[in-house]
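As a basis for the values below, the full set of heavy atoms in this structure was taken, side chains included, without hydrogen atoms, waters or symmetry mates. Ligands are counted one by one from 1 in listed order, and the atoms in each one are counted from 1 as well.
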Amino acid sequence: MSRVAIVGAGAVGATTAHDLAAAGVDVTLFEREPIDWDGTATPSRTPADAASARAAGVVYDAYAEDIDAALGARSLERFRAFDDTRGFRFHDCPYAICVREGDTERAEATRRAAERMRSHGRPVETVAPDTFGDWFPTLVADDLAVTAVADNAGWADTADYVAAMVGEARAAGVTVRDETPVTLSDATTLTVADESRSFDAVVVAAGAHTARLCEAAGVDLAAVPYRVQALTTCVDTGGPNVAATERTDAATTGRTAPAASEPHPGPMWYDATAGTYARPHPEGLLVGDGTVPKPADPAEWRREADDWFQTDALAVARERLHGSVQSTTDAWAGVCTATPDGDPLLGRVTEGLYVATGWQGHGFMRSPAHAELLATRVAADINDDPDPPATLDGVLAAFDPTRFPADVTVEVREGMLVEERDPQT
Ligand SMILES: Cc1cc2nc3c(=O)[nH]c(=O)nc-3n(C[C@H](O)[C@H](O)[C@H](O)COP(=O)(O)OP(=O)(O)OC[C@H]3O[C@@H](n4cnc5c(N)ncnc54)[C@H](O)[C@@H]3O)c2cc1C
């Protein structure tokens, strides 16, 4: 049996490990942080610094590029099939892109992007603001110029996904070595606890650490880490998402209403003009996208959210939602990875060495499909498969990790920009 090492038990590494083991490959998954691999701890115990533990868990297939749309749709299929596995839950919920009046270029870009999403068979409707307001009465719509509503979407707790997927990987035969940081000495050799271990293939899915790990083996990757932020809050809609006793308490004492008892009853939304998104969360609402557009050190970065982000994100939520948005209940930062063209680095970099990184803030939602592709590629290579699946090379060519010249510069940009999905702007 061929032996493959995967470095990193985030959403991508854990899913790749599972899929390879399910294909009959002998897999060892190395993770430097502790993991609850049975997915039984509450809250889930997964690598705390990993982007996968810090992500918002927004999932959709509303992409204007054909490959992204197909991979987004495949990921949604897998998330739904994985629902109720080891405590993981997937919550179907529409995703709405909103552009404000006066933001004319972005409004046009959004209309065109929605048209392209539809041309790839994605269920995305461009909706007039008054109709949008009728559909989603918890959202303020009278300042909007354009909205596009994607129906194939939802949200999930990302740490629960990792814990459940590591559990499934282990059940499929993967050897999980958590609390085991590794380094790369050459393409197929890892240093593990001061010992060299060789494999038939190595997959580095180490998130923001991927480029640095590969550098030690003489491989340069065009991937730059940067900080992104999110927070949770609760919203008193006057409706059933805040417990009646809490509202009474607030009314009689004048104190701010405490935590909501259930997720905010609206869609997920991205206010493209403000650059802020939100989704329902067990405490009420999760609000995000405090992108800090400069490189971050993957080892030394500020885990707490910045004050400016919390102030700005709550201000946008207050403008976009009816009801009363309360103060922050939790706020944090995580590290994402940018590439020169915003597309991931996924596939083989040299004989025996594969990488998976550079998701530009969209790595969780596409992890099931990206990992599936990568696992299929690795299995075909190590088994010398004379007839690998026809789609494999075509799709992976778009994400070839060696596609950039050595001296390319990487500009860190907000990952959700509508303009990036629209080649006409
Ligand atoms: C605030 C925030 C919000 C986000 N929201 C969304 C969202 O709504 N939707 C979405 O799709 N994406 C979102 N993202 C992006 C998403 O989190 C990432 O794209 C995705 O989780 C990347 O997964 P990964 O497995 O590639 O990397 P990671 O989750 O970072 O996993 C890498 C793993 O490698 C391990 N590792 C590193 N070095 C070593 C080593 N030397 N030895 C062993 N192990 C090592 C790390 O400990 C880590 O566990 C968000 C990110 C942040 C920070």
[X] heavy atoms, cut-off 4.0 Å: which ligand 1 atoms fall inside?
X: G10; answer: 25 (O), 29 (O), 31 (O), 33 (C)
X: A56; answer: 3 (C), 4 (C), 5 (N), 6 (C), 8 (O)
X: P47; answer: 49 (O)
X: F30; answer: 43 (C), 44 (N)
X: C336; answer: 15 (C), 51 (C), 52 (C), 53 (C)
X: E33; answer: 47 (O)
X: R54; answer: 1 (C), 2 (C), 3 (C), 52 (C)
X: L213; answer: 41 (N)

Mind telling me whether [Y] and [X] have parallel, tilted or perpendicular rings, with 30° and 60° as the class edges?
X: F399; Y: H370; result: perpendicular
X: Y161; Y: F88; result: perpendicular
X: Y63; Y: Y60; result: tilted

**Test log, rule side chain to side chain contact (heavy atoms under 4.5 Å, CB included), inputs H18 and L29** = CA-CA 9 Å; H18 167 270; L29 176 60; over 6 Å; no

What do you reckon, does [X] put a non-hydrogen atom under 4.0 Å from ligand 1?
X: Y277; answer: yes
X: T357; answer: no
X: G288; answer: no
X: V228; answer: yes

**Asked** How far is atom 49 (O) of ligand 1 from its nearest protein heavy atom, and which residue and atom name does that atom have?
**Response**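 For atom 49 (O) of ligand 1, the nearest protein heavy atom comes out as E31 OE1, 2.6 Å.
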
**Item:** Top protein contact for atom 39 (C) of ligand 1, by heavy-atom distance
**Value:**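 For atom 39 (C) of ligand 1, the nearest protein heavy atom comes out as R32 CD, 3.4 Å.
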
**Asked** Relative to atom 10 (C) of ligand 1, which among A55, A333, G361 owns the nearest non-hydrogen atom?
**Response**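 The nearest heavy atom belongs to G361.
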
**Message:** Using heavy-atom distances only, which candidate in V12, I6, V7, V355 approaches atom 24 (P) of ligand 1 most closely?
**Reply:**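 Going through V12, I6, V7, V355 one by one, V12 has the nearest heavy atom to atom 24 (P) of ligand 1.
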
**Request:** Would you mind telling me if ligand 1 is within reach of the side chain of W359, the backbone, both or neither, using heavy atoms under 4.0 Å?
**Result:**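 The answer is the side chain.
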
**Asked** Quick one: do R80 and D92 make a salt bridge, cutoff under 4.0 Å?
**Response**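 Yes, this pair counts.
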
Evaluate [X] for polar contact with ligand 1, using N/O atom pairs at a separation under 3.5 Å.
X: G57; answer: yes
X: S52; answer: yes
X: A51; answer: yes
X: M365; answer: yes
X: A208; answer: no

